[in-house]
Each structure stands twice: as structure tokens, then as C-alpha cells.
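Heads up, the thing below is written out as C-alpha cells.
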Amino acid sequence: MNYEKYYSEKVKGMRPSIIRELLKKYVGKKGLISLAAGNPSPETFPTRIIKKLADEVLEKYGKDALQYGPTPGYSGLIEQIKNFIEERYKIDSSKVGVLITSGAQQVLDLTGMTFLNPGDVVIIEAPTYVAAIDAFAQYGPEFVQVPVDEEGMRVDVLEDKLKKLKAEGKNVKFVYTIPTFQNPGGVTMSEERRKYLLELANKYDFLIIEDDPYHELNYSDKEPPLPIKHWDSEGRVIYSGSFSKILAPGFRVGWIVADPQIIRKFEIVKQRRDLHTSSFCQYIAAEYIKGGYLREHIPKIRAYYKPKLKVMLDALEEYMPEGFEWTKPTGGMFVWVMGPSELNTTSMLEKAVENGVVYVPGEAFYPDRSVKNAMRVDFSYPSEEEIVEGIKRLAKTCKEEGV
Ligand SMILES: Cc1ncc(COP(=O)(O)O)c(C=O)c1O
């Protein structure tokens, strides 16, 4: 049967997620090293603690934890998130609302649904998180790209673009940023730029979506700057966090911190999306913070990933051919590798797979797919041996490409 005529126009226009399709095609293929996945390492999952907490939750709160729950989330978890952002990020929790979401991914969908009309302008970092592009694209915005360097989004370029957009009478709804240990670049926006971005938001009247799932994955002695939300006196920043990298992504629990009026709108939108986030997972997550387990676990995750990042940076240094450059992150899960301008990482992928390695081609991280000579490599999931061997294979592939 041909189902085409039944599909909505919206769904007909959806392109499959490049990363998810890559994973489906290649991951698990024998002998292939994946630097593509972007998955946290299972070695970092606190399985024993989760087992203990699951038992306790069932015993103490079973009736509620297995029941339907309120759309904004379990009050015990909301309280813990408020404590966490107050303690860790110095965000005044009395001035904000919190809504629990089904992962930080849902924040992106709720944001698109809540704010975007077709033709509205969404400003994004270039490159940016692929699934954010896909989530917003459902609502038909015009994407405006602002380049990123080692200090995060180029706010000077942003300012020029804002002036131009204003002169054209365009409606800029929000700037989407991943300011800390960015996906895919691994770079972190400086404090100065964070404050300037906020100034621009006040001046040009737009919102900031601050997507911050990697904040705690810091492998240097210096803490990254506080979230932009910390300096937000006007309520322009919608901050999003997640348990995916600090507990386990399978929980599918994230959160939004924003002005209570915005939280109320998100609640109404979420009612129609999935009623609420898994009650059972929320109860466990609440106990995980309340019992001090999160505080104990973060240093362990950092200690686990830190040497992997070093192994990747060292391997790139040792094996990559002339003409290649890469970011030097101090946290997160990714390194962004750029080759000579003639390189096409999309067409090179097949050869890389033949050589036993897979990465994510750079064009996926740009809505206009304009950048062909870059790629994202992940160090969180492969073992140290696989990282070295994977980079060797990648370097061999690049050399064979002869650019
Ligand atoms: C920047 C960014 N935002 C959001 C997400 C989605 O996270 P979650 O697992 O909490 O839905 C990811 C996942 O990799 C991400 O990299």
C-alpha cells in the first residue's frame, strides 16, 4: 500500500536525522570504530546506586512513582533542581519556575512549538547541535547562522546580523546557544561574551535559549563561566539542563528554568505532547540529588573522561596530516576537526567506513549544509585504544583523500 497521500505536509518535509541514520547503518558493524555516536560511556552510569534508589523509591513512594503525575513534574524533583541551580550556578531560584521535561531534547520541541511562526528568525551557532536544527525546522523558521570560535559564539558578528535583520524588519524570536562545551565544537563561550549576548538580547529584544547539558563535564581545574541565566535580570533566558550526561540518558529526564509565565506556557504545550515525564524516573532522579549521589558522582565522571580527551587530542596531533586543525576543548564529549577547503567529509565517509572508522560529517551541523570540510569526532564512548586506532584510521582516510 502507498501511504504517501496520508502523510501530513509537515512530516513529508522532515528529513531523517543524519546522526541517527548513521548509527542505524553502521553502529555494531564488526570491526568498525565509531567516533560518531555522541553517547555517554556506560562506564559512567551509576548502576548500583540506581538499583538501590529504584528499590527505595518503590518501597517509599511506589503508589505515586508508578502513577500518572502532574505535567510540570514531580514537586520533589523540582525542589532538588531549584537547590542545584542555586548552589551550583547561583541562579536565584525564587525568581524562576522549573518544568521537568522528557530530556533536554523535549525543551527544543517545546520551544519551537511555543515561540515559532513560519518565517520567524532563529539565530543559531554555526555549527550547532543537529537535533536542535531538526526540532526548530518543524516550525518553519528562517535560520540565521553565527560562527563560533574558541570563545564560543562570535557576538560581534551576531550584532552586525541583528542590525541588518532589524533594518529588514525581520522578527528575531530567539538565539539558541550551547555555551558550555558545545556540541559539536567542544568550545566554551567566555564570560564576557555571555554578558554581551545578554546585553544584545535586552537591546534588540529577543529571547535566549541556553542549552547546557555538558556543563558538569569539565576536565580542567578551572570551572567554566556560570550559565548566562545567572546574569539574566529581565527573564530573557530559557535555560535547559539534563540528567543524560550526569546520570543516564535512558532516564529521559531534563528540565527548563525560566520565568514562571513562560513555564506556564510550556506546561500547556507539554500537556498535549506527553502529559508528563516518567514519574518513576523523576522520583529516582530526585533521590539521586537529595541523597548527595550526584555531588559524589560528578568528579568520577570527570576523572573518567579527562584522560580520554587527552588521548584523542594526542592522537590527532600525532596522526593527522598537514592542513588539518581541530578545537582543543577542556570538557564535553566532542572535538571538531577541520580539513583543507577542498575536503568533502560527506563523500569521504564511505572510504572511512571501508577503513573501519565512522564520524559525523560537518555539514549536518549547519541548516544550509554549507560547510563540507569538517567533522565531529566523539571521545566519550570509544575506549582509549579505540580512540587511538580510530584516529589512525581517520588520518589514513584523509591522506588517501589526497586533499
Ligand atoms: C546540545 C544538546 N542538547 C540537547 C541534547 C539532548 O539531550 P537529552 O538526552 O537530555 O534529551 C543533546 C544530546 O546529545 C545535546 O547535545
Side-chain angles (χ1 to χ4, degrees), residues 17-20 22-23 27 34-42 44-45 73 77 81 84 98-112 122 124-137 148 152-153 174-189 208-217 224 227-229 237-257 266 270 273-274 277-278 281-282 284-285 288 294 301 305 327 329 331-336 360 362 364-367 376-381:
S17 150
I18 296 187
I19 298 182
R20 302 235 134 234
L22 270 180
L23 296 183
V27 168
S34 174
L35 305 177
N39 287 349
S41 168
T44 64
F45 300 159
L77 179 57
I81 297 292
F84 180 73
V98 170
L99 179 114
I100 305 300
T101 57
S102 301
Q105 188 60 37
Q106 188 175 49
V107 180
L108 304 172
D109 182 46
L110 296 180
T111 301
V122 168
I124 53 165
E125 292 163 342
T128 192
Y129 174 48
V130 178
I133 302 173
D134 293 342
F136 300 145
V148 171
M153 183 187 266
F174 58 79
V175 166
Y176 168 71
T177 175
I178 310 152
T180 312
F181 309 131
Q182 203 235 19
N183 179 3
V187 296
T188 293
M189 195 191 288
I208 297 171
I209 313 301
E210 181 176 23
D211 190 5
D212 206 22
Y214 300 102
H215 199 106
E216 296 302 328
L217 304 193
I228 304 166
K229 184 74 191 156
V237 180
I238 296 167
Y239 177 87
S240 141
S242 172
F243 281 103
S244 287
K245 314 303 189 291
I246 52 175
L247 174 58
F251 265 66
R252 309 306 307 129
V253 182
W255 61 88
I256 308 178
V257 178
F266 277 141
K270 184 172 163 71
R273 287 310 221 217
D274 62 355
T277 296
S278 156
C281 291
Q282 289 188 69
I284 296 174
Y288 181 63
L294 174 62
I301 301 174
Y305 286 134
T327 52
M333 300 189 345
F334 311 107
V335 177
W336 181 249
V360 186
F365 302 89
Y366 298 80
R376 189 192 76 178
V377 286
D378 159 66
F379 60 86
S380 59
Y381 190 78

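Order of appearance sets the numbers: ligands from 1, and atoms from 1 within every ligand. Bear in mind the structure is a predicted one, so any value in this text is a computation, not a measurement.
Residues Leu99 and Lys270 are in side-chain contact: their nearest non-hydrogen atoms beyond the backbone lie under 4.5 Å apart.
Not less than 6.0 angstrom separates the ring centroid of Phe379 from the ring centroid of Phe334. Tyr239 and Trp255 have their aromatic ring centers separated by at least 6.0 angstrom.
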Just do the side chain to side chain contact (heavy atoms under 4.5 Å, CB included) check on Ile178 and Asp212 with the steps written out, would you? CA-CA 6 Å; Ile178 310 152; Asp212 206 22; 6.0 Å; no
Tabulate distances under 3.5 Å between N/O atoms of ligand 1 and N/O atoms of the protein, writing both atom names on each line.
{"from": "ligand 1", "atom 1": "3 (N)", "to": "Asp211", "atom 2": "OD1", "distance (Å)": "3.4"}
{"from": "ligand 1", "atom 1": "3 (N)", "to": "Asp211", "atom 2": "OD2", "distance (Å)": "2.6"}
{"from": "ligand 1", "atom 1": "9 (O)", "to": "Ser244", "atom 2": "OG", "distance (Å)": "2.6"}
{"from": "ligand 1", "atom 1": "9 (O)", "to": "Arg252", "atom 2": "NH1", "distance (Å)": "2.9"}
{"from": "ligand 1", "atom 1": "10 (O)", "to": "Ala104", "atom 2": "N", "distance (Å)": "2.7"}
{"from": "ligand 1", "atom 1": "10 (O)", "to": "Ser242", "atom 2": "OG", "distance (Å)": "2.6"}
{"from": "ligand 1", "atom 1": "10 (O)", "to": "Ser244", "atom 2": "OG", "distance (Å)": "3.2"}
{"from": "ligand 1", "atom 1": "11 (O)", "to": "Ala104", "atom 2": "N", "distance (Å)": "3.1"}
{"from": "ligand 1", "atom 1": "11 (O)", "to": "Gln105", "atom 2": "N", "distance (Å)": "2.9"}
{"from": "ligand 1", "atom 1": "11 (O)", "to": "Arg252", "atom 2": "NH2", "distance (Å)": "2.7"}
{"from": "ligand 1", "atom 1": "14 (O)", "to": "Tyr214", "atom 2": "OH", "distance (Å)": "3.3"}
{"from": "ligand 1", "atom 1": "14 (O)", "to": "Lys245", "atom 2": "NZ", "distance (Å)": "3.2"}
{"from": "ligand 1", "atom 1": "16 (O)", "to": "Asn183", "atom 2": "ND2", "distance (Å)": "2.9"}
{"from": "ligand 1", "atom 1": "16 (O)", "to": "Tyr214", "atom 2": "OH", "distance (Å)": "2.5"}

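Between Arg252 and Ser244, the shortest heavy-atom contact is NH1-OG, 3.5 Å.
Remark: Tyr381 OH is loosely packed, at most 12 non-hydrogen atoms of other residues, nucleotides or ligands lying under 6.0 Å away.
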